[in-house]
Amino acid sequence: LLDYARPGVSKIEEVSLPEVIRSVYELSKVTAKKTQIILNIEETGLTVRGDRDKLKQSLLNLMINSIEATKNMAARDNKIHNITIRLLTF
């Protein structure tokens, strides 16, 4: 994760959003205790133009923040909480 904190040259490319989300999901499962992460991605081939690593880091930060928030709730009420990731296209 420290590599992501260092400024560098952005590599702009076509990035598969479902692929990046799945990667973040897999990384997040290790951190999530007492938190169930539910992944719901429509297979659409959706891509965005951007830096894959920076996008991944942004989504990972959101996920870590969500996990921490649910851990705090779980500590108070001793329940398992869900985080749902959905990628929908219209």
**Prompt:** Are Ile12 and Val48 in one and the same hydrophobic cluster, where Ile, Leu, Val, Met, Phe, Trp and Tyr link if side-chain heavy atoms are under 4.5 Å apart?
**Reply:** no

**Prompt:** What pairs with Asn82 under side-chain contact (heavy atoms from CB on, under 4.5 Å), at least two apart in sequence or on another chain?
**Reply:** Gln36, Ile38

**Asked** What are the two closest non-hydrogen atoms of Thr47 and Ser16, and how far apart are they?
**Response** CG2-CA, 4.1 Å

**Asked** Can you tell me how far CG of Leu27 sits from CG of Leu59, rounded to the nearest 0.5 angstrom?
**Response** 11.0 Å

**Message:** Using 0.5 Å steps for rounding, measure from the CG atom of Leu60 to the CD1 atom of Ile21.
**Reply:** 12.5 Å

**Message:** Taking the side chain as everything from C-beta on, heavy atoms only, tell me whether Ser28 gets closer than 4.5 Å to Ile64.
**Reply:** no

**Prompt:** Heavy-atom distance under 4.5 Å between the side chains of Gln57 and Asp53, does that happen here?
**Reply:** no

**Request:** Answer yes when Arg49 and Glu14 have at least one side-chain N-carboxylate O distance shorter than 4.0 Å, and no when they do not.
**Result:** yes

**Request:** Can you measure from CD1 (Ile85) to CZ (Arg22) and round to the nearest 0.5 angstrom?
**Result:** 11.0 Å

**Request:** Begin with the C-alpha distance, continue with both residues' side-chain angles, and end with the deciding distance and a verdict on side chain to side chain contact (heavy atoms under 4.5 Å, CB included) for Ile37 and Met63.
**Result:** CA-CA 9 Å; Ile37 303 173; Met63 183 58 72; 4.1 Å; yes

**Prompt:** So, Thr70 side chain and Ser66 main chain: donor-acceptor pair closer than 3.5 Å or not?
**Reply:** yes

